[in-house]
S.K.: 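Shown below is the structure under consideration.
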Amino acid sequence: MGTPEVAIELYVLLSAILFVLGAMGVLLRRNAILIFMSIELMLNAANLALAAFARQWGNGDGQLVVFFVMTVAAAEVAVGLALIVTIFRTRQSIDIDTLHMFKD
Amino acid sequence: MFEVPNLADYNIMATLPVMVLALSTCILLLVDLFIPTERKHLTALLAAIALGVTLVLAVLPLFDLVEYGDGPLAFEGTFVADEFSNMVNAAVLITALLGVMVAPNYLERSALQRGEYYSLLLLTTVGVMFMGAAGDLVVVFISLELLSIPLYILSGFRRGSAASEESAMKYFLLGAFSSSFLVYGIALIYGATGTTNLQAIWQTIDALAGQETSARYLLMAGGSMVLVGLGFKVAAVPFHMWTPDVYQGAPTSVVAYMSVAAKIGGFAGLLRVLVAGMPNFVLDGAEVAAWQDTVWILAALTMILGNIIAIVQSDLKRLLAYSSIAHAGYILIALAAGGRAGYGDDAARAALIYLMAYVFTNFGAFAVVIAVEGNDPTHTGLGRVRGLGKTHPMLALAMTVFMLSLVGIPLTAGFIGKWFVFQVAVAAGLTPLAIIGVITSLISAFYYLRVVWLMYFEEGEGEASMPRTLAWAIGISALGTLLFGVLPYLLSDMAREVSLAFGGG
């Protein structure tokens, strides 16, 4: 079929952009769930890079890593959402600016 | 077509110790369901038995008494059961045993007797053991998560306490943030070399040597991102911000364990990836690996900042948190020394000896905090140790041993650790870094010895509660600290055959 070839560099560039967007989200957002979503975006940016490189090298190693990353991300979601729920029960807020009990 | 794999081909016997622990963790999780809340010390006992059996299994090959499987490589080179991993296993299993010993009474008086505590602690231990044996970047990632995720839960184990929840949240968000850096780093290293196997990465870098290719930029970016990801775990400056808050808010029995176990895991991963996988990544005819300068700066920053900020702390747990940051800096010296060709094995040995000494010293110090904390988790101010010398002379003596060992006074394990680290640093041409290490150790004497001063020379209530198992854990830690300090060859003998090199140096 006439699918146009996209250069590998573009995939990697896109993944880098997504990763930076995710990192910005983590640093700028104040809501725990949105921070968490930004972290997922960073992980998926890495997945995109892995899949692109796997295509370039023509071996399955990179795609294999993607599956592990997705599985672990799911485990992290389970723990992270549970933590967010318990925090919300105690404080009625998941704004991370309210987390400032400790001081030097 | 797809063939059904035959387990015998994968040298599965080489993974025996970690497999035994992983299986017994799963069984423990089930058995715990049938143990009533008021008898949770039974779960602790079962966990201790599992750890004890695994420790025996792990220590036997360390003294060349037995060898599991044929050769170190298992699962097609993704699992490396060599002397390095044996030593990591021994260190983390001892920590976990001590961690299980201090837990039952602490959990009882905090009304936290939930059996999953022990399963989570064992899972983290399995993660560290896998990290020590990682021969593939995938294994590095999986074991990092396996050691971190249970720790997030454990830090928030005191449900309903704002402090514990806050510490868990911070640990979780920053931990997940850092592991995304690790994954991206893995992606870039894979992009440069086309493989995730550390030995194959080493060979590819060797073949690329001296060539002007884009692969080196990918490697440089990838290596740095792996360093960021694991740097968070070991609490290296500037990735240390979470440490004091998490240590202060999490239950102390958890902190005692994780301050040591996470450090062992993080440094095992760093040594595997940088010293075993990428020591030959050299730029433009330089003599040392490209990542050495970065590690150099991290080590210097970590030692200086950790020790200086620790001086102004007024809370015992926070003080020990900054102290643990500072100690990450000393181990980073060893890592930096591993960047010079031919010094990788010596550096790995020095780091392991340091970690082994750190196990007893740091765990003991936190165990003393558990003793003085009483029933109130916020009672960890420095003032709590006032007058301890009169009311609890043995406890004060043990704390003095731990503090002296953290400073690095001769005849304690801490001195031996620092000795080996500084020695390999000077040998590998990093004398300035060793000098920074010595100076910051002198600075650290100020805040460590202040604790000793408070115990003996100031009046105070000096309250402490010491159930029998806690007393035993403190006793074993103090004994280990002194034993390795007086007989250092015990440690250096154990580490004698440690080698990370794929290409014979």
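Protein chains get the first letters and strands the later ones, always in sequence-line order, with residue 1 at the start of each.
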S.K.: Under 4.5 Å heavy-atom distance to chain B, tell me which part of A/Ala82 shows up: side chain, backbone, both or neither.
M.R.: neither
S.K.: Just to verify, what does A/Phe102 make a ring-ring contact (aromatic ring centres under 6.0 Å, His included) with, not counting sequence neighbours?
M.R.: none
S.K.: Taking all non-hydrogen atoms of both residues, which atom of B/Thr302 and which atom of B/Ala235 are closest, and how far apart?
M.R.: CG2-O, 4.1 Å
S.K.: Inspect the surroundings of CE in A/Met24 and state if more than 12 heavy atoms from other residues, nucleotides or ligands are less than 6.0 Å away.
M.R.: no
S.K.: Search all heavy atoms of B/Ile149 against all heavy atoms of A/Ala75 and return the closest pair with its distance.
M.R.: CD1-CB, 4.1 Å
S.K.: Using side-chain contact (heavy atoms from CB on, under 4.5 Å), reason through B/Leu112 and B/Phe157 one step at a time and then give a plain yes or no.
M.R.: CA-CA 8 Å; B/Leu112 295 170; B/Phe157 208 70; 4.3 Å; yes
S.K.: Sort B/Val138 into side chain, backbone, both or neither according to what part of it lies under 4.5 angstrom from a heavy atom of chain A.
M.R.: side chain
S.K.: Considering only heavy atoms and a distance below 4.5 Å, find which of A/Val26, A/Ile8, A/Ile94, A/Val65 pairs most often with chain B.
M.R.: A/Val26
S.K.: For the CE atom on A/Met70, are there more than 12 heavy atoms of other groups (residues, nucleotides or ligands in this structure) within a distance under 6.0 Å?
M.R.: yes
S.K.: Across chain A and chain B, going purely by atom type as modelled, what donor-acceptor pairs are there at a distance under 3.5 Å?
M.R.:
unit_1	atom_1	unit_2	atom_2	d
B/Ala162	O	A/Arg91	NH2	3.2
B/Glu165	OE1	A/Thr90	OG1	2.6
B/Glu165	OE2	A/Thr90	OG1	3.0
B/Glu166	OE1	A/Arg91	NH2	3.2
B/Glu166	OE1	A/Met101	N	3.3
B/Glu166	OE2	A/His100	N	3.3
B/Glu166	OE2	A/Met101	N	3.1
B/Tyr184	OH	A/Ser15	OG	2.7
B/Tyr184	OH	A/Ala16	N	3.2
B/Tyr190	O	A/Trp57	NE1	3.3
B/Tyr190	OH	A/Asn59	OD1	2.4
B/Tyr190	OH	A/Gly62	N	3.2
B/Gly191	O	A/Trp57	NE1	3.0
B/Gly194	O	A/Asn59	ND2	2.8
B/Gln313	NE2	A/Asp104	OD1	3.2
B/Arg318	NE	A/Lys103	O	3.4
B/Arg318	NE	A/Asp104	OD1	2.9
B/Arg318	NH2	A/Asp104	OD1	2.9
B/Tyr322	OH	A/Asp104	OD1	3.3
B/Tyr322	OH	A/Asp104	OD2	3.0

S.K.: Minimum heavy-atom separation for A/Leu18 to A/Ala45, with atom names?
M.R.: CB-CB, 3.7 Å
S.K.: Kindly state each residue pair satisfying salt bridge (charged side-chain N to carboxylate O under 4.0 Å, His left out) with at least one member in residues 175-191 of chain B, sequence neighbours excluded.
M.R.: none
S.K.: Could you have a look at A/Gly80, A/Ala73, A/Ala49, A/Ala52 and say which one has the most heavy-atom pairs with chain B under 4.5 angstrom?
M.R.: A/Gly80
S.K.: If I measure from the heavy atoms of chain A, does B/Leu218 come under 4.5 Å with its side chain, its backbone, both, or neither?
M.R.: side chain
S.K.: Top residue by heavy-atom pair count (under 4.5 Å) with chain A, among B/Gly156, B/Gly175, B/Ala168, B/Ala187?
M.R.: B/Ala187
S.K.: Who pairs with B/Phe181 by ring-ring contact (aromatic ring centres under 6.0 Å, His included), at least two apart in sequence or on another chain?
M.R.: A/Phe19, B/Phe177
S.K.: Who wins among A/Ala32, A/Ala54, A/Ala23 for the most heavy-atom pairs under 4.5 Å with chain B?
M.R.: A/Ala54
